[in-house]
Amino acid sequence: MARQRREINIFNLSFLDVLSCGLGAVVVLFILGFYNARAYEEKVKDQKDFQDALEDARRGFQEKQKVTRRLKDFIAELRRTSAASLEKIEGLQRQVDSLQSINFVGIRTERRAILVLMDLSGSMYQEDANYARSADKLIALSQALVQSIPGEEFRFNVMGFWGGESTVDFPIFQPGFVPATPENRELGSAAIKRIVDEYGKKQGGTPTWEALDRALSMPGLEAVILITDGAPNECLARNASTGKFDPIPPAFDTFRAKVRRRNSAGVEIHCIGVGKELYGDPVFRRFLVGLSADNRGGFAAF
């Protein structure tokens with residue numbers, strides 16, 4: 001019997017399967033590419049907004065410094081001339097005094113002994129697709145803050161904090177507060193970079209209470225500017241199913257009450273929130289807003 005010839009069809013079902021799979025893969029790649037492009041654009045925008053805010057703060061500080069210098073020179077000239085009235089000099093001096101305040105990204109204080117308190121915990125060093133590296137923000141914010149201190153009438157210091165329940169010695173710029181001379185501001189900025197680079201690698205927890213308690217024990221302290229991304233150790237609990245730390249809402253109120261009792265001297269506590277932890281759960285933001293309001297401070301977030 002003659003062998004039946006099999007018709008060859010290059011467009012059989014197997015070939016169509018291959019084409020379909022290939023097309024699906026291309027579509028998936030397009031979708032992933034679009035998502036990554038959007039995430040990249042958001043990250044670039046966040047970095048630009050952050051840099052613009054710092055640049056605005058620097059320009060405002062420089063302009064205020066120019067006005068202050070002109071007024072001081074004018075007052076000095078008036079004092080040298082016997083024709084100037086005491087009342088006129090006092091009026092100009094009040095204008096100078098009104099300019100002598102720290103006004104940085106919404107944080108304003110006229111207190112003269114300032115501590116910049118930096119969170120060096122592990123979460124400050126985690127990079128997120130939509131936000132710049134928090135440690136870079138920490139350095140930039142802290143340095144810009146130190147540089148914005150109006151003049152030698154102010155004194156400042158810088159301290160970092162990290163660790164678990166049993167804290168180590170927190171790194172500090174100087175044993176006490178130093179005048180905000182141009183030289184000391186440069187030294188303080190260099191110390192900020194050194195402290196973050198050295199201690200941030202240790203990836204510890206967030207002992208905010210221990211840090212505030214240490215700060216409030218410093219002789220002469222008048223204001224604290226706390227830069228952090230999240231919640232204190234005692235306001236978090238490990239989730240057994242996810243392994244992550246979840247916030248304990250009642251613990252935040254307890255923490256704030258404890259700080260109020262500790263801060264009997266009336267030190268201002270200002271808070272600057274940075275990083276993805278702050279935006280990941282609104283409870284963190286509400287906590288920092290409340291902590292600053294409780295202690296006559298202001299709040300800003302990046």
Peer 1: Kindly give the heavy-atom pair with the smallest separation between Gly160 and Leu120, and that separation in Å.
Peer 2: CA-CD1, 3.8 Å
Peer 1: Tell me if a side-chain donor or acceptor on Arg155 pairs with a main-chain N or O of Glu153 at a distance below 3.5 Å.
Peer 2: no
Peer 1: Can you list everything that forms a side chain to side chain contact (heavy atoms under 4.5 Å, CB included) with Ser241? Sequence neighbours excluded, please.
Peer 2: Asn239
Peer 1: Any side-chain heavy atom of Ile102 sitting closer than 4.5 Å to one from Ile107?
Peer 2: no
Peer 1: Among residues two or more places apart or on two chains, list those pairs meeting salt bridge (Lys or Arg N to Asp or Glu O under 4.0 Å) that have a residue in residues 170-181.
Peer 2: none
Peer 1: Pick out which of Thr206, Thr228, Thr208 makes a side-chain hydrogen bond (donor to acceptor under 3.5 Å, both in side chains) with Ser121.
Peer 2: Thr206
Peer 1: Hydrophobic clusters here meaning ILVMFWY residues chained together by side-chain heavy-atom distances under 4.5 Å, can you tell me if Val116 and Val178 are in one?
Peer 2: yes
Peer 1: Is there a side-chain contact between Phe170 and Glu210 (heavy atoms, below 4.5 Å)?
Peer 2: yes
Peer 1: Search all heavy atoms of Leu226 against all heavy atoms of Phe161 and return the closest pair with its distance.
Peer 2: CD1-CE2, 3.7 Å
Peer 1: Under the rule for side-chain hydrogen bond (donor to acceptor under 3.5 Å, both in side chains), what residues qualify as partners of Ser264, not counting sequence neighbours?
Peer 2: none
Peer 1: Of Asn263, Leu115, Leu117, Val267, which is the lone residue that meets side-chain contact (heavy atoms from CB on, under 4.5 Å) with Leu212?
Peer 2: Leu117
Peer 1: So how far is it from Thr254 OG1 to Ile248 CD1, rounded to the nearest 0.5 Å?
Peer 2: 9.5 Å
Peer 1: For the NZ atom on Lys258, are there more than 12 heavy atoms of other groups (residues, nucleotides or ligands in this structure) within a distance under 6.0 Å?
Peer 2: yes
Peer 1: Kindly indicate whether the side chain of Pro179, heavy atoms from C-beta on, has any atom under 4.5 Å from the side chain of Phe154.
Peer 2: no
Peer 1: For Asn157 and Gln174, indicate whether the former's side chain and the latter's backbone hold a donor-acceptor pair under 3.5 Å.
Peer 2: yes
Peer 1: Side-chain contact test, heavy atoms from C-beta onward, threshold under 4.5 Å: evaluate it for Gln147 versus Glu186 and give yes or no.
Peer 2: yes
Peer 1: Indicate whether the side chain of Ser217 and that of Arg262 have a donor and an acceptor atom separated by less than 3.5 Å.
Peer 2: yes
Peer 1: Applying ring-ring contact (aromatic ring centres under 6.0 Å, His included), can you list everything that pairs with Phe287, at least two apart in sequence or on another chain?
Peer 2: Phe252, Phe255
Peer 1: Are side-chain heavy atoms of Leu291 and Val259 found at a separation under 4.5 Å?
Peer 2: yes
Peer 1: Of all heavy-atom pairs between Phe156 and Asn184, which one has the smallest distance, and what is that distance?
Peer 2: CZ-O, 3.3 Å
Peer 1: With a 4.5 Å cut-off on side-chain heavy-atom distances among I, L, V, M, F, W and Y, is there a chain of contacts connecting Ile195 to Leu187?
Peer 2: yes
Peer 1: Can you find a heavy atom in the side chain of Ile269 that is under 4.5 Å from one in the side chain of Ser292?
Peer 2: no
Peer 1: Any side-chain heavy atom of Phe173 within less than 4.5 Å of one from Met159?
Peer 2: no
Peer 1: Determine the minimum heavy-atom distance between Val224 and Ala215, stating which atoms define it.
Peer 2: CG2-CB, 4.3 Å
Peer 1: Step by step, would you call His270 with Phe299 a side chain to side chain contact (heavy atoms under 4.5 Å, CB included)?
Peer 2: CA-CA 6 Å; His270 305 266; Phe299 172 77; over 6 Å; no
Peer 1: Show me the pairs that pass salt bridge (Lys or Arg N to Asp or Glu O under 4.0 Å) and involve residues 264-275, at least two apart or across chains.
Peer 2: Arg111-Glu268
Peer 1: Who are the side-chain hydrogen bond (donor to acceptor under 3.5 Å, both in side chains) partners of Gln143, not counting sequence neighbours?
Peer 2: none
Peer 1: Using the salt bridge (charged side-chain N to carboxylate O under 4.0 Å, His left out) rule, take Glu110 and Arg108 through it: C-alpha gap first, then chi angles, then the decisive distance, then the call.
Peer 2: CA-CA 7 Å; Glu110 296 180 359; Arg108 185 181 183 280; 3.1 Å; yes
Peer 1: Could you pull out the closest heavy-atom pair between Ser142 and Met118, with the gap in Å?
Peer 2: OG-SD, 3.3 Å
Peer 1: Step by step, would you call Ile172 with Val158 a side chain to side chain contact (heavy atoms under 4.5 Å, CB included)?
Peer 2: CA-CA 6 Å; Ile172 196 167; Val158 179; over 6 Å; no
Peer 1: For Leu221 and Ala113, work out which heavy atoms get closest and say how close.
Peer 2: CD1-O, 4.0 Å
Peer 1: When you look at Leu236 and Asp246, which way does the side chain to side chain contact (heavy atoms under 4.5 Å, CB included) test go after all the steps?
Peer 2: CA-CA 5 Å; Leu236 301 173; Asp246 295 333; over 6 Å; no
Peer 1: Given side chain to side chain contact (heavy atoms under 4.5 Å, CB included), test Ile114 with Glu222 step by step and report yes or no.
Peer 2: CA-CA 6 Å; Ile114 313 296; Glu222 296 180 9; 5.7 Å; no
